[in-house]
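The structure appears below as structure tokens.
Residue numbers begin at 1 in each chain, while the letters A, B, ... track the order of the sequences.
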Amino acid sequence: MRWTSLFIPTLREAPAEAEAVSHQLLVRGGFIRQLQSGHYSMLPLAWKVNKKIVKILREEMDLIGAQEVMLPAIHPASLWQKSGRWDAIGDDMFRFLDRKDADQVLAMTNEEVIATVALELSSYRDLPQMWYQIQTKFRDEPRPKSGLLRVREFDMKDSYSIDIDDEGLDKSFNLHHQAYERIFIRLGLHAIPVEASSGAMGGSDSVEFMVESPAGEDDVAVCNSCGYSANVERATSIIPEVGNRLENETLEKFDTPNIRTIEALSQAGHPPEHQIKTLVYMIDGELSLILLRGDHQFQEQKFCDTSSSVEVTPAEEDTIKKALGASPGSLGAVGIDKMPIFADPALKGRTGMTTGANEDDFHLSGVNIERDIKIDQWIDMRSIADGEGCPSCSEPLRVVRCIEAGHIFKLGRKYSEAMGVTVLDSEGESQTPTMGSYGIGVGRAMAAIAETHCDDSGLIWPMSVAPYEVVLTVVKTDDENSMKIAEEIYTDLKTNGIDVLLDDREERPGVKFADAELIGIPLRVTIGPRGLENGVVEFLDRSDPEKTQAEINIAEVRDFLLEKISSQQDLTA
RNA sequence: CGGGAUGUGGCGCAGUCUGGCAGCGCACCUGCUUUGGGAGCAGGGGGUCGGGAGUUCAAAUCUCCCCAUCCCGACCA
């Protein structure tokens, strides 16, 4: 295409509200524009990138034998009531009434519909099945953010597997795992597969594909030594043992005026690792106590997963006061037997501890956990920290910020059972098949690529998804010879299947160079009188930090570029 | 949903405290001169100052209500 006939509204400055690098560059480069919070228009350049990402997704899904389908985006409420998610999902789901006053939902995912379609399967011989689609999803996010990274309306590749048994599910899951690894490599993303929490999706096993980036929203523990990796919602670690304070073995109440924090108590001579942190939570409707070591943080999701709790919310202050007789800052579990008490294993065997006395301005010292507190359940619910020991090799773990680029789940029979899906097995017995679901957000992938492929001048798209592979920059458009050669090269490249952009604008060279770099075209060929005198054009690789230019004979340009493109095209090789 | 911030032409901002002609830079249009890393000069177009109500002779500016956007947290199927 010719630049003069394209709509590429580049900006010198990014909008003030754009903070994430990908957001700034995608707006500045004329890729996207915002309509409202969480809703973006993809302009021609972004849509070209989008299509290239989608092409890769299709190729890799087809390669593992998945079949493309297209499901409705509007579902009747009854479908979601059947699976229980009509009630389980709150405001995150867009809901509306149709003209007949029937409840409808805008689909945020499609397990229910897939299970409905699967009702037509009747024999184990029909299995396995893998179905995928690339379709717009709607989620009423409480806080959309960072441009395309978290939005309310986005295209997602979602796929689903249906198998007769666990062994089959493992196979489908592994096929997806492999496909995802290839996809992310082809997208130029270094995605680490990590153990993840399944959240309210249910199911036994889930793996997230995480791309390290400060713009991400998840923290992941990774071990550089043995390769262990897990979302902090799930990660465990080895921590050094703390010696008990043996001089302090008898329970004693003492005066702590105005001391309400771990920090303040620590300054009063009770280090955090010798304190018991007491949190009051409403857990599935029951007021409960959560005990952690003073210097540890509560990991809510981890608690939910290991305790199989569904609803875990902090208790209101007046509820706490009523139940324990004191306000947060003076709470403790000693002597409490009328509510469930959950404790983190880091407290096991600890004595000489300090905790609140359930009386404002008083604490207890000399607490022996197992002697003085009636613990109902030990549950690993501590958030791990950077530098703690890897659970499998004990080397220090790193905690890194990541973008969740993909997520795969073993769902089990939750949805097939709810929808009543059954097939006959080889014995003629009725069986409920097991399912998996697998997702990659297209726009988020684009943002993750932008986030990790840029420099001070702008974007640097990987060849596989670049809006154009080559940009021909004509330095002087009013120089007849320059334009003649440029047109010849342009036509030649196009007929040879190269995705080429001809910058034929009557702009000064500096503007053209800056724009080409901003929109991140991987290869640039500069055509100007200076080179043409010697029968050459200049070549520049966008990813070269030194910006070294090479002179190429005009006659060799096409073969040179074809070679460059193919060597950068497929990174899985 | 809790906390914080911001809303003035397509983008970036000043003006608001102390009420008195809506301004600047970029972008855009016309002309001339320029032309190998975001040109110069001259002329020009484009604004319900987020919205509503109020105070006032007079409101971008003061008061009240509402809305939108961003950031932190909670949440994230």
Side-chain angles (χ1 to χ4, degrees), chain A residues 7 9-20 23-24 27-30 33-39 80 83-93 105 107-112 137-147 149-152 154 156 158 196-203 206 208 215-218 231 233 298 300-301 304 310-314 316-317 404 407-409 411 414-415 437-439 441 444 457-458 473-479 482 505-518 524 526-533 537-538 540 547 549:
Chain A
F7 182 56
T10 60
L11 297 173
R12 193 74 84 88
E13 286 171 288
E17 66 265 17
E19 187 146 309
H23 187 194
Q24 292 184 0
V27 173
R28 279 189 59 209
R33 288 295 185 265
Q34 185 185 58
L35 177 64
Q36 59 169 332
S37 182
H39 299 263
W80 289 73
S83 70
R85 291 209 283 188
W86 174 260
D87 293 318
I89 297 172
D91 294 335
D92 282 8
M93 187 155 66
V105 317
M108 53 198 304
T109 176
N110 292 271
E111 284 77 11
E112 284 85 354
K137 302 294 182 297
F138 301 90
R139 295 181 185 175
D140 194 352
E141 292 286 345
R143 186 150 94 84
K145 57 176 290 203
S146 308
L149 277 173
R150 180 165 293 276
V151 291
R152 303 204 306 168
F154 59 98
M156 178 164 98
D158 47 326
S197 158
S198 303
M201 266 298 251
S206 96
E208 286 170 324
E217 302 177 85
D218 285 271
N231 195 303
E233 290 177 349
F298 182 43
E300 219 172 282
Q301 190 63 50
C304 287
V310 178
E311 205 178 332
V312 175
T313 48
E316 302 287 336
E317 179 149 357
E404 180 190 341
H407 201 162
I408 58 181
F409 297 89
L411 294 173
K414 176 174 171 180
Y415 299 95
S437 94
Y438 317 89
R444 184 181 283 183
S457 309
T473 303
V474 185
V475 174
K476 270 173 79 85
T477 45
D478 53 1
D479 177 61
S482 289
R505 293 175 299 166
E506 288 176 35
E507 285 287 352
R508 296 169 64 82
V511 173
K512 296 186 169 195
F513 294 145
D515 275 345
E517 281 158 24
L518 176 61
R524 186 177 91 202
T526 308
I527 300 164
R530 211 163 68 187
L532 293 184
E533 275 178 28
V537 293
E538 287 110 64
L540 180 70
K547 294 193 182 187
Q549 303 225 37

Inset, instruction - Look at all strands and tell whether Pro9(A) reaches a base, only sugar-phosphate, or nothing, counting heavy atoms closer than 4.0 Å. - result: nothing
Inset, instruction - Select base, sugar-phosphate, or nothing to describe what Ala88(A) touches, counting heavy atoms under 4.0 Å on all strands. - result: base
Inset, instruction - Pick the C1' atom in U69(B) and in C11(B), then give their distance to the nearest Å. - result: 16 Å
Inset, instruction - With heavy atoms under 4.0 Å as the rule, sort Ser146(A) into base, sugar-phosphate or nothing. - result: sugar-phosphate
Inset, instruction - With the side chain counted from C-beta on, respond yes when Asp140(A) and Asp91(A) share a heavy-atom pair under 4.5 Å apart, and no when they do not. - result: no
Got a list of protein N/O to nucleotides 73-75 of chain B N/O distances below 3.5 Å?
| from | atom 1 | to | atom 2 | distance (Å) |
| --- | --- | --- | --- | --- |
| C75(B) | OP1 | Glu300(A) | OE1 | 3.4 |
| C75(B) | OP1 | Glu300(A) | OE2 | 2.6 |

Inset, instruction - Between Pro15(A) and Leu518(A), name the one whose nearest nucleotide on RNA chain B is closer to the 5' end. - result: Pro15(A)
Legend entry - Nucleotide paired to A53(B) in any strand shown, Watson-Crick or G-U, under 3.5 Å: U63(B)
Legend entry - From Glu507(A), Arg524(A), Arg508(A), residue fulfilling side chain to side chain contact (heavy atoms under 4.5 Å, CB included) relative to Phe513(A): Arg524(A)
Inset, instruction - Write down the atom of Gly38(A), the atom of Val151(A), and the distance for their closest heavy-atom approach. - result: O-CB, 3.2 Å
Inset, instruction - Output yes when at least one side-chain N/O atom of Gln34(A) is less than 4.0 Å from OP1 or OP2 of A68(B), else no. - result: no
Inset, instruction - Measure the distance from CZ on Arg33(A) to C1' on C11(B) and round it to the nearest whole Å. - result: 9 Å
Legend entry - Closest to side chain of Phe513(A), choosing from C70(B), C76(B), G37(B): G37(B)
Legend entry - Donor + acceptor pair across side chains of Ser206(A), Glu208(A) (<3.5 Å): no
Inset, instruction - Could you check which nucleotide pairs with A68(B) in any of the strands shown, counting Watson-Crick or G-U wobble with both distances under 3.5 Å? - result: U6(B)
Legend entry - Length of the CZ-C1' vector between Arg150(A) and C72(B), whole Å: 15 Å
Inset, instruction - Could you tell me whether the side chain of Trp86(A) reaches within less than 4.5 Å of the side chain of Met93(A), counting heavy atoms only? - result: yes
Legend entry - Atom-pair distance (CZ on Arg139(A); P on C76(B)), nearest Å: 12 Å
Inset, instruction - Could you pull out the closest heavy-atom pair between Cys304(A) and Val312(A), with the gap in Å? - result: SG-CG2, 3.6 Å
Inset, instruction - Compare all side-chain heavy atoms of Ser437(A) with those of Asp158(A) and state whether any distance is below 4.5 angstrom. - result: no
Pull out every protein N or O sitting under 3.5 Å from an N or O of nucleotides 28-35 of chain B, one pair per line with the distance.
| from | atom 1 | to | atom 2 | distance (Å) |
| --- | --- | --- | --- | --- |
| U34(B) | O2 | Arg508(A) | NH1 | 3.0 |
| U35(B) | O4 | Asp478(A) | OD2 | 3.3 |

Inset, instruction - Let me know the distance between CD of Glu506(A) and C1' of G38(B), rounded to the nearest Å. - result: 17 Å
Inset, instruction - For Thr313(A), report the nucleic acid contact type (base, sugar-phosphate, nothing); a contact means any heavy atom under 4.0 Å. - result: nothing
Legend entry - Nearest-angstrom distance, C1' atom, U63(B) to C17(B): 15 Å
Inset, instruction - Step by step, work out the side-chain contact (heavy atoms from CB on, under 4.5 Å) result for Asn231(A) and Glu233(A). - result: CA-CA 5 Å; Asn231(A) 195 303; Glu233(A) 290 177 349; 3.4 Å; yes
Inset, instruction - Once you apply the 3.5 Å cut-off to both distances, tell me the Watson-Crick or G-U wobble partner of C17(B), or none. - result: none
Inset, instruction - May I ask you to test the Arg12(A)-Arg28(A) pair for a side-chain heavy-atom distance under 4.5 Å? - result: no
Inset, instruction - Tell me the partner of C1(B), counting only Watson-Crick (N1-N3 plus N6-O4 or O6-N4) or G-U wobble (N1-O2 and O6-N3) with both under 3.5 Å; none if nothing fits. - result: G73(B)
Legend entry - Qualifying residue, where the test is side chain to side chain contact (heavy atoms under 4.5 Å, CB included) with Phe154(A) and the options are Arg444(A), His39(A), Arg139(A): Arg139(A)
Inset, instruction - Please tell me which of the listed nucleotides, G37(B), C13(B), G38(B), lies nearest to the side chain of Asp515(A)? - result: G38(B)
Inset, instruction - Looking at every strand, decide which applies to Gly531(A) at a 4.0 Å heavy-atom threshold: base, sugar-phosphate, or nothing. - result: base
Inset, instruction - For nucleotides C13(B) and G7(B), find the distance between their P atoms and express it as a whole number of Å. - result: 9 Å
Legend entry - P gap between C66(B) and G3(B), integer Å: 14 Å
Inset, instruction - Rounded to the nearest 0.5 Å, what's the gap from CE on Met156(A) to CZ on Phe138(A)? Could you check? - result: 12.0 Å
Legend entry - Pair of N/O donor and acceptor under 3.5 Å linking G37(B) base with Arg524(A) side chain: yes
Legend entry - Euclidean distance for P, G19(B) against A58(B) (whole angstrom): 15 Å
Legend entry - Nearest-angstrom distance, P atom, A22(B) to U61(B): 13 Å
Inset, instruction - Tell which nucleotide pairs with A58(B), taking only Watson-Crick or G-U wobble pairs whose two distances are both under 3.5 angstrom. - result: none
Legend entry - Leu11(A) CG - G9(B) P separation (whole Å): 14 Å
Legend entry - Euclidean distance, atom CD of residue Glu17(A) to atom P of C70(B) [Å, nearest integer]: 7 Å
Legend entry - Residue Arg12(A), side-chain atoms from C-beta onward, closest of C71(B), C13(B), G38(B): G38(B)
Legend entry - Gap in Å between the two C1' atoms, one belonging to G25(B) and one to C67(B), rounded: 30 Å
Legend entry - Close side-chain approach of Lys547(A) and Ser457(A), heavy atoms under 4.5 Å: yes
Inset, instruction - Say whether Glu112(A) and Ser83(A), considering side chains only, have a donor N or O and an acceptor N or O under 3.5 Å apart. - result: yes
Legend entry - Atom-pair distance (CD on Glu404(A); C1' on C76(B)), nearest Å: 9 Å
Legend entry - Residue closer to the 5' end of RNA chain B, Asp218(A) versus Gln36(A) (nearest nucleotide): Gln36(A)
Legend entry - Pair assignment for U48(B), Watson-Crick or G-U wobble, requiring both distances under 3.5 Å: none
Inset, instruction - Taking atom C1' in both A60(B) and C49(B), compute the distance separating them and give it to the nearest angstrom. - result: 5 Å
Legend entry - Partner nucleotide of A42(B) by Watson-Crick or wobble geometry (both distances under 3.5 Å): U30(B)
Inset, instruction - Using whole Å, report how far CG of Asp140(A) lies from P of C1(B). - result: 11 Å
